[in-house]
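Shown next, in structure tokens, is the structure this report addresses.
Bear in mind that the values here come from a model prediction, so they are computed numbers and not experimental data.
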Amino acid sequence: MSGENETLGQWLARNGDLDRIDRELLASRVLNLTRAQVIARPETQLSSSQRDSLDQLAERRRREPWAYITGEKEFFGLRLAVGPDVLVPRPETERLVELAIEGAPQGGRMLDLGTGSGCIAVAVKTHRPDLRITAADISPAALETAQRNARRHGADLEFVQSDWFRALAGRFDWIACNPPYIADSDAALNDLYAEPRIALAGGPQGLAAVNAVIKGSGAHLKAGGALALEHGRDQVQAVRGHLTDCGFVSVQSQNDLAGHPRISLGRLP
């Protein structure tokens, strides 16, 4: 147990299992100091309430992403609300946004399938207000977060609770999707245990949801419409093959910031 007269420096040392930046950010948050001040003032005496708050946040940080602690994550230049009901938006998903902004036809209809926090739909609508965008998710809690983000940024979106395409009607010019694509047995899931498994695990090979989305998209895209979806870097050949088998043409893949093929795109003839 921590001492009654602990200094900031002693608290930082006691929690050395955490990353240094995380410790400094936690201290900055609780003590209302800048990181520079945290570093420069190790002799600062902690009150019992400050120490307890720091300890509680440190325990949370050992279990949760930083974004769940702050309740926010920046994505495509927007501050978005996040929580344990949705994935923390990742930089590689920003390419899905760019593709929709660049490729969706003027005044077209777009679907963000499995919207989660609404990051894709809100970001696209912010840059392409001409698009009519539907954000769909199976999770009511995720849709609540997405609606909150839409209100925060003035994005006029349609929200639908749907198990993939089941509750959706009509056809779209563009479908963007970041489905669960990690194999059920992949050890990477152990590091992501705080995030909703339903949005991460994609079956024995990680392709169950990916293949379901590709197969179902044909009935929900207009002629010439496009499907763009994120996937694992080792799944690119399987995804492109399934797109081709399901009748998509002009199939291509896009690299993430690290140069790995993480997004594939195809169009209906």
Side-chain angles (χ1 to χ4, degrees), residues 64-104 107-170 172-181 192 194-200 202 209-210 213 216-217 220 226-231 256 262-263 265:
E64 303 175 39
W66 178 256
Y68 288 173
I69 295 174
T70 63
E72 289 188 328
K73 178 68 175 180
E74 183 172 336
F75 178 84
F76 215 77
L78 303 173
R79 299 300 299 180
L80 298 175
V82 295
D85 295 312
V86 299
L87 287 183
V88 177
R90 267 73 167 178
E92 52 264 30
T93 305
E94 292 187 357
R95 186 58 184 144
L96 276 176
V97 174
E98 293 172 342
L99 288 169
I101 291 173
E102 298 164 1
R109 190 177 181 212
M110 174 184 156
L111 170 64
D112 176 15
L113 189 61
T115 191
S117 66
C119 61
I120 295 172
V122 173
V124 173
K125 185 67 174 181
T126 300
H127 290 265
R128 288 287 308 275
D130 60 288
L131 295 176
R132 293 168 293 147
I133 302 178
T134 299
D137 203 288
I138 192 174
S139 165
L143 287 174
E144 287 182 11
T145 300
Q147 289 169 332
R148 179 181 172 188
N149 284 319
R151 289 192 298 269
R152 174 182 289 190
H153 295 286
D156 183 15
L157 307 174
E158 177 191 23
F159 293 94
V160 178
Q161 184 181 353
S162 181
D163 182 1
W164 296 128
F165 294 101
R166 190 164 298 174
L168 295 169
F172 299 88
D173 298 282
W174 195 279
I175 298 175
C177 182
N178 179 16
Y181 54 77
L192 301 169
E195 298 183 72
R197 187 178 178 87
I198 191 175
L200 292 166
V210 173
V213 169
S217 291
H220 293 273
L227 167 65
L229 73 167
E230 187 174 324
H231 52 73
D256 61 16
R262 293 291 302 279
I263 292 173
L265 170 73

All heavy atoms of A150 vs all of F159, minimum pair found to be CB-CZ, 3.8 Å
Mind checking whether K125 and H153 have side chains closer than 4.5 Å, heavy atoms only?
no
Nearest heavy-atom contact between L99 and A228 is CD1-CB, 4.5 Å
Are the side chains of D256 and R95 in touch, meaning some heavy atoms are under 4.5 Å apart?
no
Do F165 and S217 have side-chain heavy atoms sitting under 4.5 Å apart?
yes
Between P140 and Q161, is there a side-chain heavy-atom distance shorter than 4.5 Å?
yes
In short, G107 meets D130 closest at the heavy-atom pair N-OD2, 2.9 Å
Nearest 0.5 angstrom please: L192 CG to R197 CZ, how far?
10.0 Å
Any carboxylate oxygen within less than 4.0 angstrom of a Lys/Arg side-chain nitrogen, looking at R90 and E195?
yes
Tell me if a side-chain donor or acceptor on H231 pairs with a main-chain N or O of P179 at a distance below 3.5 Å.
no
Find out whether I198 and I138 are in side-chain contact, i.e. whether some heavy atom of one side chain is under 4.5 Å from a heavy atom of the other.
yes
Before you tell me yes or no, could you show the steps for K73 and L87 under side-chain contact (heavy atoms from CB on, under 4.5 Å), namely the whole-Å CA-CA distance, both residues' side-chain angles and the distance that decides it to 0.1 Å?
CA-CA 10 Å; K73 178 68 175 180; L87 287 183; over 6 Å; no
Out of curiosity, D137 CG to E144 CD, how far, rounded to the nearest 0.5 Å?
11.5 Å
Are there more than 12 heavy atoms of other residues, nucleotides or ligands under 6.0 Å from atom CG of D156?
no
Separation between CG of L96 and CD1 of I175, rounded to the nearest 0.5 Å:
12.5 Å
Is there a side-chain contact between R262 and Y181 (heavy atoms, below 4.5 Å)?
yes
Donor-acceptor check, side chain of R79 to backbone of R152, threshold 3.5 angstrom: yes or no?
no
Over all heavy atoms of both residues, which pair between G116 and V86 is shortest? Give the atoms and the distance, please.
C-CG1, 3.7 Å
How many angstroms lie between CD1 in I133 and CD in E158, if you round to the nearest 0.5 Å?
11.0 Å
Say you draw a straight line from CG of L111 to CG of L131; how long is it, rounded to the nearest 0.5 Å?
12.5 Å
Does any part of the side chain of P196, heavy atoms only, come nearer than 4.5 Å to the side chain of S139, both counted from C-beta?
no
Using the side chain to side chain contact (heavy atoms under 4.5 Å, CB included) definition, which of the options L143, V160, I120 pairs with T115?
L143
Sidechain-backbone polar pair: D173 side chain, R109 backbone, donor-acceptor under 3.5 Å
yes
Between P89 and F75 the two heavy atoms that sit nearest each other are CB-CD1, 3.5 Å
Heavy-atom nearest pair, S162 first then W164, reads OG-O, 2.6 Å
Show the numbers, then the answer: is there a side-chain contact (heavy atoms from CB on, under 4.5 Å) between L265 and W174?
CA-CA 10 Å; L265 170 73; W174 195 279; 4.1 Å; yes
Report the residue from L80, V82, L78 that forms a side chain to side chain contact (heavy atoms under 4.5 Å, CB included) with N149.
L80
With a 4.5 Å heavy-atom cut-off, do L113 and L168 have their side chains touching?
yes
Could you give the distance from CZ (F76) to CD (E94), rounded to the nearest 0.5 Å?
6.0 Å
